[in-house]
Structures are given as structure tokens and as C-alpha cells.
Amino acid sequence: MTERSPAPGGLTLVEALVNTLDIESGADALDTPEGRERLGITADETDRARTLRESLRATLLAHAGHPPHREVTPLGALLAEAPLLVTVDAADGSAALAPADDRSLYARVAAAVAEALVAGTWTRLKACEAADCHWAYYDRSPAGRGRWCSMQVCGARAKMRRYRAKGA
């Protein structure tokens, strides 16, 4: 739905997971083998992936200053189950959190969130304000006050609704 460039670093995984559901059309990429393959999950993991996706969506809405779209399991509770390891680069001594199991979507998302926290980019990943969208996007605006995934689509629709509501 967005013309924005993808989120940096591991946040591309979070953005990709949240954007597997097109709320407006109801199309869910997790229903397809190709969609699951892009995230490295099996059909048996689909329900857990959906739970994680909607918890992430609620968190990204909070980043944008909006209430959750529905009741969800708190993201912290879900990621508490994710096994992570501290890795240390022998060459420069830099440390990072990495998934203990690269096959675990939860662990990969937890590592991405940890990386984004350290980089200061976590709260820039947001969900679109439009109730029929809630697409994840990375807010690159200088003030960090982006509201829509696409100014040309969701932003234009919101502005047109406000204009019409004024009775013009």
C-alpha cells in the first residue's frame, strides 16, 4: 500500500510481517505457501504468526499515538518466549542479540526489535492511521510525526473526508 522505502535493518522483517494482511481487501499472505515462505514459517505456525502480527500492529499504532485496533496479547508477553543469544564479534568486540533459533519467527522478531532499540529506530516504525489500512511503514519525516503509510492514498482520503465533513 505504501510507496515508502522499507524500514532499516531487521525492522524489514517486522514491517513485512505486519503487512501480510491487507485490511481493506481482507487478503492475507499468510494464507498462501508463498507468503509463509517469505517469512520462513510453515502452515502449522500460521496462527502464532497471526497473533504476533496483530500484537505488532497494536504496538505500531501506539508508536503513532493511536489506540490498539483490537484486544491483543501484549507484545512483551509474546517476545518473552523468544530465545535470544548474545553474540560478540571477535574482530571488533561489538555485541548484539541474535535469535537462538533462526527458524523461530518470534526469536527473529525479538532480535529485530532489540536491534532497533539500540539503533533508536524502533519507535519510527508505525502503523497507518487509516482504520481500513493500518499498514506498517517507517516514518522518515524529520519530526517523526508521519500519520499515513501513503500521503497519496490514505492521507488524501483522510483529507478529503475532513473536507467533505466541513460541508464544502
Side-chain angles (χ1 to χ4, degrees), residues 1-32 34-36 38-41 45-82 97 99 104-163 165:
M1 171 94 37
T2 180
E3 71 279 348
R4 294 176 183 259
S5 55
L11 288 180
T12 57
L13 171 64
V14 175
E15 184 178 42
L17 174 58
V18 172
N19 292 344
T20 57
L21 176 64
D22 182 333
I23 292 173
E24 190 171 28
S25 72
D28 189 342
L30 296 179
D31 289 336
T32 69
E34 298 82 19
R36 291 187 298 271
R38 280 194 293 272
L39 294 170
I41 63 170
E45 297 169 299
T46 304
D47 287 341
R48 283 181 42 98
R50 283 189 177 110
T51 299
L52 179 58
R53 175 182 68 197
E54 297 312 314
S55 183
L56 284 164
R57 187 182 318 280
T59 300
L60 301 186
L61 283 165
H63 286 174
H66 307 299
H69 60 304
R70 66 178 194 191
E71 192 171 320
V72 297
T73 304
L75 184 59
L78 294 177
L79 296 184
E81 304 171 17
L97 286 174
S104 167
L105 180 61
Y106 277 56
R108 289 183 287 136
V109 166
V113 170
E115 173 193 322
L117 282 169
V118 171
T121 57
W122 173 234
T123 58
R124 289 274 183 154
L125 189 63
K126 300 177 178 182
C128 182
E129 175 179 303
D132 59 349
C133 180
H134 292 321
W135 205 253
Y137 69 94
Y138 188 76
D139 183 1
R140 296 180 190 279
S141 67
R145 293 190 184 137
R147 298 171 62 181
W148 302 288
C149 66
S150 168
M151 193 58 218
Q152 288 72 27
V153 179
C154 293
R157 287 177 184 169
K159 289 181 175 193
M160 184 56 72
R161 282 185 205 114
R162 273 200 312 271
Y163 176 76

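Between the side chain of Asn19 and the backbone N or O of Trp135 there is no donor-acceptor pair closer than 3.5 Å. A donor-acceptor contact shorter than 3.5 Å is absent between the side chain of Tyr138 and the backbone of Glu15. With hydrogens and angles disregarded, no donor-acceptor distance shorter than 3.5 Å links the side chain of Thr20 to the backbone of Ala29.
Across all their heavy atoms, Arg108 and Gly40 have their closest contact at NH2-O, 3.8 Å. Of all the heavy atoms in Ala114 and Leu97, the pair that sits closest is CB-CD1, 3.7 Å. For the residue pair His66 and Glu129, the shortest heavy atom distance occurs at CE1-OE1, 3.4 Å. When all heavy atoms of Ala112 and Gly10 are compared, the pair lying nearest together is CB-O, 3.3 Å. Shortest non-hydrogen contact noted between Ile41 and Glu45 is CA-OE1, 3.2 Å.
Side-chain contact between Glu81 and Ser104: absent, with no pair of heavy atoms (C-beta onward) separated by less than 4.5 Å. Using a 4.5 Å cut-off on side-chain heavy atoms (C-beta onward), Arg124 and Pro8 make no contact. Put simply, the side chain of Leu52 reaches to within 4.5 Å of the side chain of Leu79, judged on heavy atoms. Counting only heavy atoms from C-beta outward, the side chains of Leu105 and Leu13 approach each other to under 4.5 Å. Using a 4.5 Å heavy-atom threshold, the side chains of Leu30 and Leu39 count as touching.
Contacts of Thr59 classified as side chain to side chain contact (heavy atoms under 4.5 Å, CB included), with partners at least two apart in sequence or in another chain: His63, Leu75, Trp122. Applying the side chain to side chain donor-acceptor pair (under 3.5 Å) test to Arg57 and every residue at least two apart in sequence or in another chain returns Glu54. Taking Arg53 as the reference, Asp28 meet the salt bridge (charged side-chain N to carboxylate O under 4.0 Å, His left out) condition, with sequence neighbours excluded.
How far CG of Asp139 is from SG of Cys128: 11.5 Å, rounded to the nearest 0.5 Å. Atom CG of Asp22 sits about 7.5 Å away from atom SG of Cys133, to the nearest 0.5 Å. To the nearest 0.5 Å, the span separating CG on Leu125 from OG1 on Thr12 amounts to 10.0 Å. Remark: Ser55 OG to Arg70 CZ distance equals 10.0 Å, nearest 0.5 Å.
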Checklist entry - Could you walk me through whether Val113 and Leu117 pass the side chain to side chain contact (heavy atoms under 4.5 Å, CB included) check? => result CA-CA 6 Å; Val113 170; Leu117 282 169; 4.2 Å; yes
